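Contents: one structure, followed by commentary.
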Amino acid sequence: MAQELGDSRLHVLGQYGLRLEEPGIGLGWEYFFAPQFGLMPSYTQLFPSVGRSSNFSTDLRYYLSKEKSQVYVLAGYSLTSENSQPGTAGTKRNLSGANVGVGAVVPLTNWVGLSSEFKFQSQGFQQTYFRFGLEFPLGK
């Protein structure tokens, strides 16, 4: 079980935008800098219906429980890069804003667990994302 000072986890994520119905895939690395506090930078490649889009987020997570189901709340910063017409000048823009959300990690074995999260991002279209995936404890 992670959540102790110096522990870390690798996250492999799928993401779905609930407002614009945008799927995405990503990677994250969570580092516990204090008991029950994790910092998780993540990168997600989004697949909008038109153009290209990606997101970089850094979230501070506070774990409310250390039991089998590890529930947390999060707050953080997000930067989304969009290009509505790749190959055309003047169509790229960067949007930054805040993240807030809730999630849970449920360990399946000592080396893998399930993670799920609802995260609202304030920039751009201001949409809520459902994130889901696998987490792999890396230890200290």
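Start at 1 with the first residue, then count along the sequence. Being a predicted model, the structure only gives us computed values, none of them experimental.
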Option from Arg52, Lys92, Arg93 for which salt bridge (Lys or Arg N to Asp or Glu O under 4.0 Å) with Glu82 holds = Arg93
ask   = How are the rings of Trp111 and Phe136 set relative to one another: parallel (under 30°), tilted (30 to 60°) or perpendicular (over 60°)?
value = parallel
key: Same cluster (ILVMFWY, side-chain, under 4.5 Å), Leu10 and Tyr31   = yes
task = Report yes if some heavy atom in the side chain of Lys119 is under 4.5 Å from a heavy atom in the side chain of Ser78; otherwise report no.
result = no
query = Are Phe132 and Phe130 near enough that their ring centres are under 6.0 Å apart?
reply = yes
ask   = Any side-chain heavy atom of Glu135 sitting closer than 4.5 Å to one from Glu30?
value = no
ask   = Side chains of Glu117 and Tyr129: does their closest heavy-atom pair fall under 4.5 Å?
value = no
query = Can you tell if the side chain of Leu27 reaches within under 4.5 Å of the side chain of Tyr43, non-hydrogen atoms only?
reply = no
key: Side-chain heavy-atom pair Pro137, Asp7 within 4.5 angstrom cut-off   = no
Beyond-backbone contact of Phe56 with Ser54, side-chain heavy atoms, under 4.5 angstrom = no
message = Please say yes or no: joined through hydrophobic side-chain contacts below 4.5 Å, possibly via intermediate residues, are Val71 and Leu60 part of one cluster?
response = yes
key: Worked verdict on Leu74 versus Val100 for side-chain contact (heavy atoms from CB on, under 4.5 Å)   = CA-CA 5 Å; Leu74 70 88; Val100 292; 5.5 Å; no
